[in-house]
Amino acid sequence: MGNEYTLGTYKYKSNLGNNETETLPDQLKINHISPCGVLLELITGNIEILDSHGIFLYNQDKDFSILPADSINNAHSLSQLSQMLNTDLSDEVCRNIFDKFMIRERRNNFVYERILNEFTQYFIVNEVSPCEGFVHLYRALEFMSYSFPLIYASKSRDYRGTYDKLKKFFSGEKTGELRFFGRFLNELFKNDIAYRFEFEVYIDCDNIYDLKEEFNEIINTDIFIFEENTLKFEFRYIREIFIEIRNRYFHMLLGHGNNNFFNINYNKNDLFQSLTPVFMNWLAIIFVKIIQHGLESSDS
């Protein structure tokens, strides 16, 4: 169908009406859209997800491009995207810059296709299987951890500056893609108030005492506050929390003496259910920041 975009085993259908669609830049109209464009519309809550036969799977109507993510209320995609990308897409010059950028960004389709697929699977499964939803978000994190710093550095017109940036990300005694990504995030958000944004996550659990006790034993208590059912932490600490939960839940080895998620007196899905939307929000904001940087470089 002309109003759908197909990638792998999924179809993406715009929630916008014809009049709204007409106001979009050409590279966000469904007959021209790229995986990067679908990602932009998906995280702003303007996409329905269908299977390969056109059967409805999920309506993504929440805006993950803002902090904190929230359900959209009669939002218009053009105004959402303009605010998100710090550019006026109703202005012809800005639209042309955006369209040219999106055309050039197709060289990174391999990256955006994989992230789009993981985000899609997260949305489809998370409500019934939050643990599985967590896995798809973690796969997206690992894929982004190496590709995004390279995309970011490639936008520079200063080749010496690009080399210095990459060398800075790889500095330190301990290396590895996730540590590399951590240094990159410090650079990416160094002047952004979003880095200090505090999330307040309510965890609905029948045995919150055991959940809280185990969480306090496993995760570095310097980076969060856990009061009654509410877990509080800043944007800048999410990478560490995300990775530690993965390491301590999916590993059960006893020989290393690590504290892992062993307690059987509460439902682990209560923890995943509460935290996965925050992890999705965090990943979406990082993606937006990469696109903002690319647009700024295109305009310079």
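Quick note: numbers below take in every heavy atom, side chains included, and nothing from hydrogens, waters or symmetry partners.
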Pick from F233, Y266, F224: which one makes a ring pair (Phe, Tyr, Trp, His ring centres under 6.0 Å) with F215?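 Of all the options given, the one that passes is F224.
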
For [Y], is there any backbone N or O sitting under 3.5 Å from a side-chain donor or acceptor partner on [X]?
| X | Y | value |
| --- | --- | --- |
| R248 | F261 | no |
| H293 | Y152 | yes |
| S14 | L16 | yes |
| N263 | N265 | yes |
| N216 | K212 | yes |
| N281 | F64 | yes |

So do L24 and E41 actually touch side chain to side chain, heavy atoms under 4.5 Å?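 Yes; the side chains approach each other to less than 4.5 Å.
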
With side chains defined as the heavy atoms from C-beta onward, is the minimum distance between I203 and F226 less than 4.5 Å?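 SC-SC contact between I203 and F226 confirmed.
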
With a 4.5 Å cut-off on side-chain heavy-atom distances among I, L, V, M, F, W and Y, is there a chain of contacts connecting I55 to I124?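 Cluster IDs for I55 and I124 differ.
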
In one Ile/Leu/Val/Met/Phe/Trp/Tyr side-chain cluster, 4.5 Å: I103, I97: no

Is there a side chain to side chain donor-acceptor pair (under 3.5 Å) between T6 and K11 once you walk through the steps? CA-CA 4 Å; T6 300; K11 295 178 182 290; 3.3 Å; yes

Looking only at heavy atoms, which two atoms of P130 and N269 are closest? And how far apart?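 Nearest pair, atom of P130 first, then N269: CD-OD1, 3.4 Å.
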
Could you walk me through whether Y12 and T120 pass the side chain to side chain donor-acceptor pair (under 3.5 Å) check? CA-CA 10 Å; Y12 302 87; T120 298; 2.6 Å; yes

Using only heavy-atom distances, determine whether the side chains of [X] and [Y] contain a donor-acceptor pair under 3.5 Å.
| X | Y | result |
| --- | --- | --- |
| E22 | N19 | no |
| R106 | Q27 | yes |
| N46 | Q80 | yes |
| D210 | N207 | yes |

Assess whether a salt bridge exists between K190 and E187, defined as any Lys/Arg side-chain N lying under 4.0 Å from an Asp/Glu carboxylate O. yes

Does K289 make a cation-pi contact with F287, if we ask for NZ or CZ under 6.0 Å from the ring centre and within 45° of the axis?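 No; the conditions do not both hold, so K289 does not lie above the ring face of F287.
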
Apply side-chain contact (heavy atoms from CB on, under 4.5 Å) to I66 and list each qualifying residue two or more places apart in sequence or on a separate chain.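 So I66 forms a side-chain contact (heavy atoms from CB on, under 4.5 Å) with D63, D70.
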
